[in-house]
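Below: one structure, written as structure tokens.
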Amino acid sequence: MALEDPIYLDHHATTPVDPRVMESMLPYWSEAFGNASSSTHRYGWTAEAAVEDARERIAAAIGARDPAEIIFTSGTTESDNLALLGIARAERGPRDHLITTAIEHPAVLDSCDALETEGFSVTRLPVAADGLVSAGDVAASITERTLLVSVMAANSEIGVLQPLREIADICAEHQVFFHTDAAQAVGKIPVDVNALGVDLLSMCAHKLYGPKGIGVLYLKRRRPRIRLEPLIHGGGHEGGLRSGTLPVPLIVGFARAIELVLEDLEEESQRLGALRDRLWQKISRGLPDVHLNGHPTQRLPGNLNVSFGGINADAVMLALKGVALSSGSACSSASGQPSHVLKALGLSDAQARGALRFGLGRSNSEDQIDLVAERVCQEVRALRAHHEPATPSRHARRS
Ligand SMILES: Cc1ncc(COP(=O)(O)O)c(C=O)c1O
């Protein structure tokens, strides 16, 4: 990055491609440009070999036993859609009930809405004030009609890590399929599909220093087979589950990115956790009426979500020139609505609108964090001085 580039604190939205990932992809744009489905010549064989090699490496990275369990998609959004719509439509019948949570990504929530219009029923479980879903609530919501439970691994706004293993055990006991959206978790915390006990898992490359436009749906091979109705019809690629010419360079890049990010996962998560704690300490010591959103410890190491009482986060962001961050998920912030995740934690509209999400990643240093903390405190103080809140915020009343 150039010196004058803003400090990037939006790593939940996306990450830059690692130069080593870029390098791994290069040959597949030009000299090794073949179509992985071309079985009659060397260009095709080379491309196919690269795809199958990447599939094996990605499977190994998430502990999948069989590379055939990896289905390439365009990203997590498509993987989530394929998981939910795919299973529901393929298994349409007496089991017409799905369970999810109120704080899922729109890729899951909107898929559930779509299924409701097709006659399925959906339970959207509430979460506690710290963002955690109760496994007991999942168990209590399962009926003989329940087909699938979908609970995200790590929340994209508040970073909260859900008790996947506990939920998986409940699903297994009731013979209900279990899907998790792990877009924010893979590459940041250890994710092993068998240790977690998930049947389906969505992820993508661009959250882990890989390219945009490539995702994976992990689909466990089990008996009886999990049936999925494809969303995209055509040449029958990916075992008929996702037609379309495979983007070989992106697939190769995904494999390299996930391997690289796992190489120093523990070290990097400790580093980011320490930086994140430092940022929170400086902000919470420097300002009154600030509130940490989400569970204090059961969260992604690089995530900090803070509500600043009495002000609007958009105003802070505008004032904080030189820092690239977000007030929520990039995908839903365009709607202008207060975050559905923060609302589900019980925050008022004003508190939700006063929240900033700091997403730390590889490029962030201690110096940057100190500078950001100082700037945030300055700007929030200045904004508060100009806009005295009409009523104190809930958190202010508490303290
Ligand atoms: C939890 C979660 N699911 C899904 C998505 C969408 O991912 P993609 O951009 O790969 O479609 C995101 C991206 O912000 C996310 O954080």
Side-chain angles (χ1 to χ4, degrees), residues 8-17 21 58 62 70-86 100-114 124 127 131-133 150-162 164 179-189 191 196 198 200-218 231-232 242 244 247 250-251 253-254 257-258 261 293-294 299-305 324-335 339-342 344 357-361:
Y8 189 69
L9 279 178
D10 204 10
H11 288 87
H12 299 313
T14 196
T15 55
V17 175
V21 171
I58 293 170
I62 57 166
I70 302 297
I71 303 162
F72 289 113
T73 66
S74 62
T76 320
T77 300
E78 187 187 331
S79 298
D80 286 343
N81 275 258
L82 179 57
L84 273 73
L85 301 174
T100 188
T101 80
I103 62 167
E104 297 298 307
H105 189 273
V108 166
L109 290 176
D110 291 1
S111 295
C112 287
D113 291 351
R124 295 168 185 81
V127 293
L132 280 174
V133 178
S150 179
V151 176
M152 74 202 312
N155 189 272
S156 42
E157 294 184 40
I158 53 173
V160 168
L161 309 176
Q162 300 297 349
L164 294 191
H179 165 254
T180 189
D181 175 338
Q184 297 289 348
V186 175
K188 291 166 196 145
I189 55 166
V191 171
L196 290 175
V198 297
L200 302 100
L201 176 145
S202 305
M203 62 177 186
C204 64
H206 77 95
K207 309 278 190 194
L208 43 86
Y209 306 92
K212 294 169 186 57
I214 183 72
V216 153
L217 178 65
Y218 159 79
L231 300 176
I232 299 178
R242 206 288 184 177
L250 304 183
I251 289 171
F254 196 162
I258 199 167
V261 89
N293 295 318
R299 66 193 299 144
L300 288 171
N303 175 277
L304 182 69
N305 191 307
L325 51 96
S326 152
S327 55
S329 76
C331 338
S332 56
S333 52
S335 69
S339 147
H340 70 287
V341 174
L342 299 179
R357 174 185 73 173
F358 300 88
L360 283 65

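Numbers here simply count residues along the sequence, with the first being 1. Whatever order the structure lists ligands and atoms in, that order sets their numbers, starting from 1. This one's a predicted model, so the numbers in the text were calculated from it and none came from an experiment.
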Taking all non-hydrogen atoms of both residues, which atom of A102 and which atom of H340 are closest, and how far apart? O-CD2, 3.2 Å

Return the option from M203, H206, H105 holding the heavy atom at the smallest distance from atom 15 (C) of ligand 1. H105

Part of A183 within contact of ligand 1 (heavy atoms, under 4.0 Å): side chain

Report yes if some heavy atom in the side chain of R124 is under 4.5 Å from a heavy atom in the side chain of E104; otherwise report no. no

For S156, the atoms of ligand 1 under 4.0 Å from one of its heavy atoms are 16 (O)

Rounded to the nearest 0.5 angstrom, the OG1-CG distance for T101 and N155 is 7.5 Å

Pick whichever of N81, T77, N155 has a heavy atom sitting closest to atom 11 (O) of ligand 1. T77

Heavy-atom contacts under 4.0 Å between D181 and ligand 1: side chain, backbone, both, or neither? side chain

Just which atoms of ligand 1 are under 4.0 Å from any heavy atom in C204? 10 (O)

Numbered atoms and elements of ligand 1 in range of G75, under 4.0 angstrom, heavy atoms: 10 (O)

Checking heavy atoms under 4.0 Å, the part of E78 that sits near ligand 1 is neither

Do you know which two heavy atoms are closest between L164 and M152, and how far apart they sit? CD2-O, 3.9 Å

What is the distance from atom CG of D113 to atom CG of L84, rounded to the nearest 0.5 Å? 11.0 Å

Any S150 side-chain heavy atom under 4.5 Å of D181 side chain: no

Counting each atom of ligand 1 from 1 as listed, which ones have a heavy atom of M152 under 4.0 Å away? 1 (C)

Indicate the atoms forming the closest heavy-atom contact of Y209 with T15, along with that distance. N-OG1, 2.7 Å

Within reach of ligand 1, part of K207 (heavy-atom separation under 4.0 Å): side chain

